[in-house]
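Both counts, for ligands and for their atoms, begin at 1 and track the order of listing. One is the number of the first residue; the rest follow in order along the sequence. All values below were derived from every heavy atom in this structure, side-chain atoms included, with hydrogens, water molecules and symmetry-related copies excluded.
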Amino acid sequence: MNNVICCKCVRCGREYPAAPDITTCECGGILDVVYDYEYIKTKLSRSALADDPDPTMWRYRALLPIEEDTVPQGLRVGGSPLYKADSLARELGVKALYIKDDGINPTSSLKDRASAMAVTKAVEAGYHTIACSSTGNAASSLAGNAAKAGLSTYIFVPDRAPKGKIAQLMMFGANLTAVRGSYEETFELSKKAIDKYGWYNRNAAINPYLSEGKKTVAHEIIEQLGFRAPDYVAASVGDGCTIAGVYKGLYDMYMVGLTDRIPRLISVQAAGCCPINTAVVTGEPWQPQEENTYADSIAVGVPRNADKAIKAIRDSGGICVNVTDDEIREAQRYLAKNAGVFGEPAGVTATAGLLKLSREGKLDPDAAIVSIVTGNGLKDIESAIKNCGAPVSCGNDLAEFESKFGLA
Ligand SMILES: *Cc1c(COP(=O)(O)O)cnc(C)c1O
Ligand SMILES: [Zn+2]
């Protein structure tokens, strides 16, 4: 790969050649892909992007760790809308608010960006089977993208995973194991199986290429804003791959000269499970926590990408905020009703964080903010129905209908 220099350990600094199936450092640290931005500048420019008809994440392939002749695998990922949400901006008391709706991806979450990258690297490396553990979305997106690429999958999810995600997994033909235990225990079982059988490893953070796929969400945000960086980008945080990927994408765009600054990150976690925010705020190393939130996709007590996420939040001058499950429920209703975007609980958690910061008077009124919706609300119908209530019940009787709505 002419655009990639190496994979570098974020803990000890050791450098490795960027093999397509590389995982972690000998010291146990996670790896970061290091790019040759001077070379990339010769390939990527505003006019090159303007002339590129490809709307998917692969329009940024100059910034992605794949061989120049590699054919991207998987579904049609990326190119998600960035909506200007004026009523939400007024509610928050800020100059501009944009919703990046990544729930429109083919399997309905931002995880498709990482899974499309994973299946592309697995095919590049000559593997036929790919495996992961996941709270649900990484799994269902891997299963869908692998089905398209013709790979078989072994997938491990905690048995609490919402039914929508289980339905996707079974439909996509995954060899699915619902583990009786926490996400941490699910991860441990997947690790034992992957180590024993040598499958391609799509575990979050263990595989350094995944957040490289996720970072394309930030490339898109910058391009959709006409290359003017917003002041803040808010994201929900579980393992920390999404927020670290967002930072990497923003950093990429700055390093190749496509924008002139890096926005500050707003890291939003559930109050019942916030090991990364706690570490950033206290300055102490992160500590495992219980997984006490109904926002299943960010119920991650032992975050796998904590090192990169904490560094990204700090380097950007970021803000941390924790929200309760009730605040997440409120944001889910608010966003659907006032912006037409129906997110799953973890999908709207970033917006819940903004509503909270605004109430506490901590948002700058001149700020332009992007809030990323990371997953679609149809993934978890049971919790959504509990949140929004039941419809009006009515017979075939106009008078009954009118009385129910106070009409006529
Ligand atoms: C995975 C996920 C997140 C969090 O991403 P991490 O990389 O685990 O921090 C947030 N929202 C949704 C919908 C997700 O699926
Ligand atoms: Zn190391």
Taking [Y]'s backbone N and O only, do any of them form a donor-acceptor pair with [X]'s side chain (distance below 3.5 Å, no angle check)?
| X | Y | answer |
| --- | --- | --- |
| Asn105 | Ser80 | no |
| Glu330 | Ala352 | no |
| Thr278 | Cys274 | yes |
| Asp231 | Ala368 | yes |

From [X] atom [atom1] to [Y] atom [atom2], the distance as rounded to the nearest 0.5 Å:
| X | Y | atom1 | atom2 | result |
| --- | --- | --- | --- | --- |
| Tyr60 | Arg113 | OH | CZ | 8.5 Å |
| Thr374 | Leu110 | OG1 | CG | 6.5 Å |
| Leu92 | Ser371 | CG | OG | 8.5 Å |

Exercise for the section: Take the Zn ion (ligand 2) and tell me which protein N, O or S atoms are nearer than 2.8 Å. Expected result: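 Within the sphere that stays under 2.8 Å of the Zn ion (ligand 2), the protein atoms of type N, O or S are Cys9 SG, Cys12 SG, Cys25 SG, Cys27 SG.
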
Side chains of residues 22-32: which donor-acceptor pairs under 3.5 Å do they make with residues two or more places apart or in other chains?
residue: Glu26; atom: OE1; partner: Arg14; partner atom: NH1; Å: 2.8
residue: Asp32; atom: OD1; partner: Lys248; partner atom: NZ; Å: 3.0

Checking a contact table here: which protein heavy atom is nearest [atom], and how many Å away?
| atom | result |
| --- | --- |
| atom 2 (C) of ligand 1 | Lys111 NZ, 2.3 Å |
| atom 5 (O) of ligand 1 | Thr242 OG1, 2.7 Å |
| atom 13 (C) of ligand 1 | Thr374 OG1, 3.2 Å |
| atom 8 (O) of ligand 1 | Asp239 N, 2.8 Å |
| atom 10 (C) of ligand 1 | Ser236 OG, 3.2 Å |

Quick one: does [X] get an N or O within less than 3.5 Å of an N or O on ligand 1?
| X | answer |
| --- | --- |
| Asn137 | yes |
| Ser109 | no |
| Gly238 | yes |
| Gly347 | no |
| Cys241 | yes |

Exercise for the section: Answer with yes or no whether the side chains of Arg304 and Asn203 bring together a donor and an acceptor at under 3.5 Å. Expected result: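 Arg304 and Asn203 do not have a side-chain donor-acceptor pair below 3.5 Å.
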
Handout entry: Minimum side-chain heavy-atom gap Ile372-Ile221 below 4.5 Å
Key =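 When only atoms from C-beta onward are counted, Ile221 and Ile372 do touch, with a gap below 4.5 Å.
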
Exercise for the section: With Glu344 as reference, evaluate Arg329, Lys165, Lys379 under the salt bridge (charged side-chain N to carboxylate O under 4.0 Å, His left out) test and give the passing residue. Expected result: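 Result: among Arg329, Lys165, Lys379, Lys165 is the only option passing the salt bridge (charged side-chain N to carboxylate O under 4.0 Å, His left out) with Glu344.
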
Handout entry: 4.0 Å heavy-atom contact, Ile298 with ligand 1
Key =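 Per 4.0 Å heavy-atom rule, Ile298 contacts ligand 1.
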
Problem - Sub-4.0 Å heavy-atom approach of Lys379 to ligand 1 - result: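 Lys379 does not count as a contact of ligand 1 under the 4.0 Å cut-off.
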
Problem - Atoms of ligand 1, numbered as shown, that sit under 4.0 Å from any heavy atom of Gly375 - result: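 Heavy-atom distances to Gly375 below 4.0 Å select 13 (C).
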
Problem - For Gly240, atoms of ligand 1 separated by under 4.0 Å from a heavy atom - result: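 Matching atoms, with element in brackets: 6 (P), 7 (O), 8 (O), 9 (O).
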
Practice task
Would you indicate whether Tyr154, at its atom OH, is surrounded by more than 12 heavy atoms from other residues, nucleotides or ligands within a distance under 6.0 Å?
Solution key: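 No, not enclosed.
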
